[in-house]
Amino acid sequence: MKKLLIVALIFSLCGLLFAGPGAQGGRGASGAQMIEGANVPRNQTIILENPDGRITPADNFNRWAPGFRGAATGFQQLALDTLWYIDPDAGLNGVWENALASEKPIYNRDFTQMTVKLRRGIFWSDGVEFTADDLVYTVETHMKTPGLNYNGQFNESVAGITKSDNYTVVFNLKSPNSRFHAYFTVRWDACYIMPKHIFEKQSDVLAFTFNPPVSLGPYTLKSFDPQGNWFLWEKRSDWQRTTLALMGSLAQSPQYAMYIHAGTSDVKVMSQQNHQIDVIHDIAPEGVIALARSNPTTKTWFPGFPWGHPDPTLPAIVFNHEKRGLNDRNVRWALTLSIDITRLAIASYRGAMTVSALAIPPTGMYPSIYFEPLEGWLQNYALDLGDGTSIKPYNPNAAVEIAAEARKSLGDMVPTNTADIKKYIGAGWWKRDLASAEKLMKKAGLRRNSRNMWEFNDGAPFRINLLANTDLEPSMNRAAAMVVECWREFGVDATMEVSTDRWTLARQGNFEASFMWDIETWGGHPDLFYFLGTFHSSLYRPSGQLAAGRNYSRWRNPKLDTIVDSIRQLDFDDPKVIELGKEYVQLAVDDMNEIPICSYNVFTCMDEYYWTGYPTINDPYTDPVPNWGNSRYMYVRFRSTGK
């Protein structure tokens, strides 16, 4: 009874947040404890956090239309599918998976044609077989419908698409593009396949809500909260007719999967202490420490410091290059040199941050392929200050300084060995040099006003509103707050705006700066085209129009176009790809198109009270962060504890 009272207190703190599913209800006919509101047994249900919080509107499942927010509700993890997957870690059977495709993409010699061989025997949840018709429909519908997610990419790349038979599709490309398959290859997401037999009946595919969704994955939607706080999925009786079944049996996987709005960091801690949530997506570092001390069944990627999984994602300060001042590299560099990375790392991650001076995440194979070879170049990089002087802005000891500061509160948990520090915290970052930042602002045509704040020489104020994550992603929220604090100390009229719509605003170009990520890499492969392809100027869309792909900053550079064009003409595994990748990161440093901060170290906490089989550093078969498309692999390994 005491435990149930504690749980009731947690739910009352969240109001409607946990008023239904997640709260322990009565017992079913079998004696199993039931989840109130969902009416499913707790011991047959895995409960995972949806980091996007409350989803509105809750009844929209059109993954392909603009403004969609429900990807992490279990939808892309359990119900959607596409041609290929690349795992950011080791994978179940290696990093590459042929999913709806039966083999890797087949290109002709000059990469102007890609042939796809499709699997037989894969079915939508309503009993209709998946065939080439679905793939052709997905591409052709995107091309003729402005606003769909891949409209720009497909129109830029595809000259035509034909169906040779029910299981063979041929893409004819407008120009050589050896990375065209990346659009259909999941790393976090990709272009998922639309069910032709459902969408072709709709007069407006943009307005269609696709509710209830027909599933191509091993689970179907059972129910959801109309307020958007939870989504419940049930395992298909014919799960063998999905591609995940090819990776292993789902016979022992949970019968139900529930993705919930889990509340604040403190609420998440209490919920997992009482076994009301199995997988916490992310949590404040203090929460990880609290769970490690109080809940013996909680597991993290690393068994100790730095705890979190280092996602191949680069949180950064993304600037809108079409805003006055932010279109000048000198201003962007000045804003970089006004940031104190040690204070930022301590405030956000308690020091467990893997910093990055380069515009790629410092995870996986990238330290050895990109960071270490370019360390000498970074140390010698010089920045012209505009007054006849220059500086070398790189600080190679940044990670060591962060570790020393973190050790003041965390003690022996923080390594002292330099090699371990670089492994966990990264290498160097940019110096905080306010004197040099001052010169760069003046070089860009700004001055200080009577309040010692920066303004343009014509008297117009220079202001930055930084969009930030909510406190559901506490480390990112705190990092953004520290950036604003540093900028204000430098005299920039900066404000922070917490927004759940920052991705939509970025696509629209309706922002000045945003603490977000537009750079994500495969993790399991050195090729950078996953994000770099959509930075080509042929996909540029001005502010006011939806960005095509990831170029939210509207960054354009002819040198970047040359790099992207060159990569397109190389095989995916050609070693020249790495050299072109180095050219890109050097160009990004020089232009400082955005301010790279760190890898996204996600403090995912996994409770083994009801379920086991989670991935860790010692069994890195996939990324445990539950909003990833690849996290579907966990369902092959999940096993009930019998409780």
task: Would you verify whether the NZ or CZ of Arg63 falls within 45 degrees of the ring axis of Phe68 while also being under 6.0 Å from that six-membered ring's centre?
output: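 Judged by the rule, Arg63 and Phe68 form no cation-pi pair.
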- prompt: Does NZ or CZ of Lys104 lie under 6.0 Å from the centre of the six-membered ring of Trp96, at an angle within 45° of the ring axis?
  reply: yes
Partners meeting ring-ring contact (aromatic ring centres under 6.0 Å, His included) with His281 (sequence neighbours left out):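 If we apply the ring-ring contact (aromatic ring centres under 6.0 Å, His included) test to His281, skipping adjacent residues, there are no hits.
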Of all the heavy-atom pairs spanning [X] and [Y], show the shortest one and how long it is.
X	Y	answer
Ala182	Phe529	CB-CD2, 4.5 Å
Arg541	Ala548	CG-N, 3.9 Å
Trp628	Thr313	CZ2-OG1, 4.2 Å
Pro615	Tyr621	CD-OH, 3.3 Å
Ile283	Ser265	CG1-OG, 3.1 Å
Thr604	Val625	OG1-CG2, 3.5 Å

Does the ring centre of [Y] sit less than 6.0 Å away from the ring centre of [X]?
X	Y	value
His309	Phe302	no
Trp555	Tyr540	no
Tyr584	Phe531	yes
Phe184	Phe154	yes
Phe111	Phe180	no

message: Holding to salt bridge (charged side-chain N to carboxylate O under 4.0 Å, His left out), I want the full list of residues that pass it with Glu594, two or more places apart in sequence or in another chain.
response: none
- prompt: Which residues pass the salt bridge (charged side-chain N to carboxylate O under 4.0 Å, His left out) test with Arg550, sequence neighbours left out?
  reply: Glu520
Quick check against the 3.5 Å criterion: does [X] have a side-chain atom that pairs as donor or acceptor with the backbone of [Y]?
X	Y	answer
Arg343	Ile341	no
Asp89	Gly91	no
Tyr150	Cys191	yes
Arg187	Pro312	yes

What salt bridge (charged side-chain N to carboxylate O under 4.0 Å, His left out) pairs are there with at least one residue in [range], not counting sequence neighbours?
range	result
residues 414-426	none
residues 493-507	Arg463-Asp493, Glu473-Arg502, Arg488-Asp493
residues 522-535	Arg179-Asp527

Non-neighbouring partners of [X] that pass side-chain hydrogen bond (donor to acceptor under 3.5 Å, both in side chains), sequence neighbours left out:
X	answer
Thr82	none
Tyr183	none
Glu401	Asn395
Ser178	none

task: I would like to know whether Trp503 and Trp517 meet ring-ring contact (aromatic ring centres under 6.0 Å, His included); could you show each step before the answer?
output: CA-CA 9 Å; Trp503 298 103; Trp517 46 94; 5.1 Å; yes
query: Is Glu156 paired with Lys174 through a side-chain N to carboxylate O contact shorter than 4.0 Å?
result: no
- prompt: Is it true that Lys582 and Glu375 have a side-chain N and a carboxylate O under 4.0 angstrom from each other?
  reply: no
message: Are there over 12 heavy-atom neighbours, none belonging to Asp412, within less than 6.0 Å of that residue's CG?
response: no
From [X] atom [atom1] to [Y] atom [atom2], the distance as rounded to the nearest 0.5 Å:
X	Y	atom1	atom2	value
Trp301	Asn618	CH2	CG	9.0 Å
Phe535	Ile563	CZ	CD1	12.5 Å
Leu326	Arg554	CG	CZ	13.5 Å
Thr363	Ile360	OG1	CD1	9.0 Å
Asn327	Glu322	CG	CD	9.0 Å
Asn397	Lys431	CG	NZ	10.0 Å

Parallel, tilted or perpendicular, as decided by the 30° and 60° cut-offs, for the rings of Phe490 and Trp454: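 Ring orientation of Trp454 relative to Phe490: tilted.
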task: Determine the interplanar angle of the Tyr85 and Tyr633 rings, folded into 0 to 90°, and report it as parallel if under 30°, tilted if 30 to 60°, perpendicular if over 60°.
output: tilted
Please examine the side chains of [Y] and [X], heavy atoms only from C-beta on, and report whether any two atoms are closer than 4.5 Å.
X	Y	answer
Ile346	Lys408	no
Phe511	Ser499	no
Val492	Leu335	yes
Ile617	Pro303	yes

Any donor-acceptor N or O pair under 3.5 Å, side chains [X], [Y]:
X	Y	value
Asn601	Thr354	yes
Asn465	Thr495	yes
Asn551	His536	no

N/O donor to acceptor pairs below 3.5 angstrom from side-chain atoms of residues 432-444, sequence neighbours left out:
unit_1, atom_1, unit_2, atom_2, d
Arg432, NE, Ser338, O, 2.8
Arg432, NH1, Glu489, OE1, 3.4
Arg432, NH2, Ser338, O, 3.1
Arg432, NH2, Cys486, O, 3.4
Arg432, NH2, Glu489, OE1, 3.0
Asp433, OD1, Ala435, N, 3.4
Asp433, OD1, Ser436, N, 3.0
Asp433, OD1, Ser436, OG, 3.2
Asp433, OD2, Ser436, OG, 2.8
Glu438, OE1, Arg448, NE, 3.3
Glu438, OE1, Arg448, NH2, 2.8
Glu438, OE2, Arg448, NE, 3.0
Lys439, NZ, Asp387, OD2, 3.1
Lys443, NZ, Asn330, OD1, 3.4
Lys443, NZ, Asp384, O, 3.2

Less than 3.5 Å apart, which donor and acceptor atoms pair up between the side chains of residues 364-371 and the rest of the protein, not counting sequence neighbours?
unit_1, atom_1, unit_2, atom_2, d
Tyr366, OH, His525, O, 2.8
Ser368, OG, Met365, O, 3.0
Tyr370, OH, Pro526, O, 3.0

